[in-house]
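Residue numbers begin at 1 in each chain, while the letters A, B, ... track the order of the sequences.
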Amino acid sequence: MKNTIKLKIITLGLIVSILAMAVSLVVSYFSYKNSLYDQFDGTIDKTTEDVDKRFKEEIWYGSDVVDEIKEIKEYVANNYTDNHDDPETFDTYDDKRHHYANKYPSIYALYGETFILYPALAEFLTKYKDIMSMLDTSVKVSGAKNAFICYYDETTSSLVQLVEYRVGNIDIKEIYYPGSHIAVSETPNQESSVVSKYSVYGKMQKTIPIYERDKIGEPEGLIAYYFIEYDYEKVEQEIQHTILIQFATLGATSVVLIILYVLGAHFLIIRNINKLKKASSDFADNLSANGEEIKTIEPGVKSNDELRTLSNTFVSMENSLINYINVIKEQTITEQKMNAELSVASKIQLEALPNKQYDDKDISVRAYIQSAKEVGGDFYDYFYLDETHLAFCICDVSGKGVPASLFMMRGKELIKSKLLSNNSIENVLYDVNNSLLNNNEEGLFITAYVGVIDLVKEELTFVSAGHERPFIITNEGIEQLKCNSNFILSGIKDFNYKSETIPFKKGTTIFLHTDGLNEAINAQREEFGYERILSSLDETKNLSLDEKISNLNNKLKEFVGDEEPFDNETLLFIQNINLELDEKYENPGFEVIEDYTNKFNNMFGFLEQKVKYEFGIIFDELLNNVVSYEKADVLTLEVNAKLEKDSIILTVSSNGQEYNPLLNKDKYIDKYSDDIQVGGFGVTIIKNLVDSIIYNRKDEKNVLTLTKKI
Amino acid sequence: MEIKITHADNLTIELTGRLDTVTSTELADAVAKETITEKLVIIDFKNLEYISSAGLRVLLALKKQFTAEDRDFEIHNLNDVVKEVFNVTGFINILSVK
């Protein structure tokens, strides 16, 4: 069972009542017991007084009783000793009792078994009816247990038993036979007295001295003592019994009180607590039930006490909760709406950026962007200013989230529009910086790297406005560009940005990134750093831009592990494509045709399908001719295709015997005949597919140079 | 190159890829192996990228063989590149092209 309040109240009530009962019992036991004893002593005093008075009349005034006592005394002194073996022997006590009951029926009828034990005495006592009658009367009057008469023998300092009268069951060991000597430490009181439990016999006794009187009634001599003995054990028992009844009464009262207490507690407190409990659990159920409107639950406590106050407080708490929940619901809806809007915003933002991959005959671009939040502050851009100038930028707005993304859009559009107005990068950034500084209370700023590639001069002009230095990848190697770092955009008004120009030959790639890459941290709080970027770029130096990006991202992922990305990460590769396919084959077989065709298609993937097919035919005709007909010790075939402006120039040179295929006449079939020869169509086809074809015999080589506009 | 030959009302030879120096012999071999009973053979160029003079050589040989056997073949679904090759060489004049 749980420790319910009811249980606690009952337990508490029990403990308190048991304690109270115990204390009252202990206190009452002692006080009540003493008062019982006092009361009892009083009764004895009263009754013994009566006996005493009667004795004074009956014993002292020369009654027969005194004579009888004297006679008994004499008789006992002469006839009785401590030796009082029964002259007759019996097998059992019953036999003995029957024997004497039959022998002395009148004695037995009057005095019970007492005297049967002393057959001689019984006979003797029949003679002293008066004294026995007196003893009988005194016992009956005083309610004593027994009465007896002794005289004090000074020579032995002991009381000598004369007669005894008892009622009730007799313990044979307690019996003092007539003539028995009972040693006493002092002479009995010669005045009438009540000896309480401290009597020589350990009993409650009344001692009355019996005097012989003279004729005028004055006491003459002390003959004997008359003892009335009360049953102390019986008194004790009575007292115990009375106390027990009191205990029981107290206990019963306690039980009734506890029941009343529990009932009271139940109706006054627990019932109301249960009401509160039920109301709160109902309310909790209400809360967890979805959809339904949450209603207040009234506990219905009517008692005018603290529980009523608690009930009222509970109701007001419910109302507060309901209000609070409604507010949270509204907030959640708003938040969901906002999140949806944010993800739309993120999509719009990403859509505002140019494609992540772009290829034309001059330029190849690969970008990667990853926002730490739904919307970010990183951006990149690239666009042609004219046919020979490609502008690009990569920027990182301070901060993240909506403010950064809005600022980013502003920055992006400013940079693009101003660059498209044919301004120098320096002027563009001067204007952009000042424009951004206007109305920028948030204090946001942008780090930017803005560049323009001149495809004709093969140069890159750029300004780094506090941005990460890019990496330049060429055939010679990879290095991080050493350049001036101008001040950030939206930093200082009227800042003059200084541009730099570096060679940017065909085949050169620039890799730009935001600090989300190099400053990405792992669990050990280490930064990814430039060394890891450099080594990743080195690993992929002969691989495509796509592979460079995926290798960087794999390395980064491996490095940061499970760490949440803190910043936006943007990667941008821009390659000034060197479209030249130069292959050299020694003692070539037909397989070189497919080899070169496939390589060409890979490099010039941007060409129209039809053009690629036409080049396929050209390679097949030309290379087939060389492989099939030209002979040399070591036949060397060199094929070079390169893009020049809007044409592809193809040079095929081989060191076989001199052969100019262009000398052959064009071959054309008008109609079918059985003798049409199969050879000679190749050159006809090629001439038709190219814009120009020239044959040269140069350095012992047949050199065919073809130009085809694309 | 992939060559797929289907016998139906007509024999259909479907070519996928390039018909050039290396692959033209594959076509010649494939046709040589085939027992052709049909009067008309259709060569489907739907999936053919381009044809070079080596391919033309095989087609001319087939033309001669079929003519001798009093059969013919038609070429279906030419792309622009193939059509151009047929035009400049005059093959358009001797082959049935649809």
Donor + acceptor pair across side chains of [X], [Y] (<3.5 Å):
| X | Y | result |
| --- | --- | --- |
| B/Thr23 | B/Asp20 | yes |
| A/Tyr668 | B/Asn93 | yes |
| A/Arg697 | A/Asn702 | yes |
| A/Asp386 | A/Thr388 | yes |

In terms of heavy-atom pairs under 4.5 Å, which option from B/Val85, B/Asp80, B/Leu56, B/Thr67 contacts chain A the most?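 Winner by heavy-atom pair count: B/Thr67.
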Looking at chain A, which one of B/Val22, B/Ile51, B/Val82 has the largest number of heavy-atom pairs inside 4.5 Å, strictly under?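 Highest number of heavy-atom pairs under 4.5 Å: B/Ile51.
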Test ring pair (Phe, Tyr, Trp, His ring centres under 6.0 Å) on A/Phe681 and B/Phe91; report intermediate values, then the result. CA-CA 10 Å; A/Phe681 289 109; B/Phe91 269 66; 5.1 Å; yes
Engaged part of A/Glu591 at the chain B interface, taking heavy atoms whose separation is under 4.5 Å: neither
Check whether A/Thr597 gets within reach of chain B through its side chain, its backbone, both or neither, counting any heavy atom under 4.5 Å. side chain
Just checking A/Glu594: does its CD atom have more than 12 heavy atoms from other residues, nucleotides or ligands closer to it than 6.0 angstrom?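 No - once you tally the heavy atoms of other residues, nucleotides and ligands closer than 6.0 Å, there are 12 at most.
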With a sphere of 6.0 Å drawn around CG of B/Asp70, does it hold more than 12 non-hydrogen atoms of other residues, nucleotides or ligands?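 Not buried by this count: 12 neighbours or fewer within 6.0 Å.
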Do A/Glu458 and A/Lys506 make a side-chain contact, defined as non-hydrogen atoms from C-beta onward lying under 4.5 Å apart? yes
Name the region of [X], side chain, backbone, both or neither, that has any atom closer than 4.5 Å to a heavy atom of chain A.
| X | result |
| --- | --- |
| B/Thr89 | both |
| B/Asn87 | backbone |
| B/Arg18 | side chain |

Quick check for you: among [options], which has the greatest number of heavy-atom pairs under 4.5 Å with chain B?
| options | value |
| --- | --- |
| A/Leu623, A/Ile593, A/Ile618, A/Ile685 | A/Ile685 |
| A/Lys667, A/Lys610, A/Glu621 | A/Glu621 |
| A/Asp674, A/Asn688, A/Ile669 | A/Ile669 |
| A/Thr684, A/Val627, A/Asp670 | A/Asp670 |

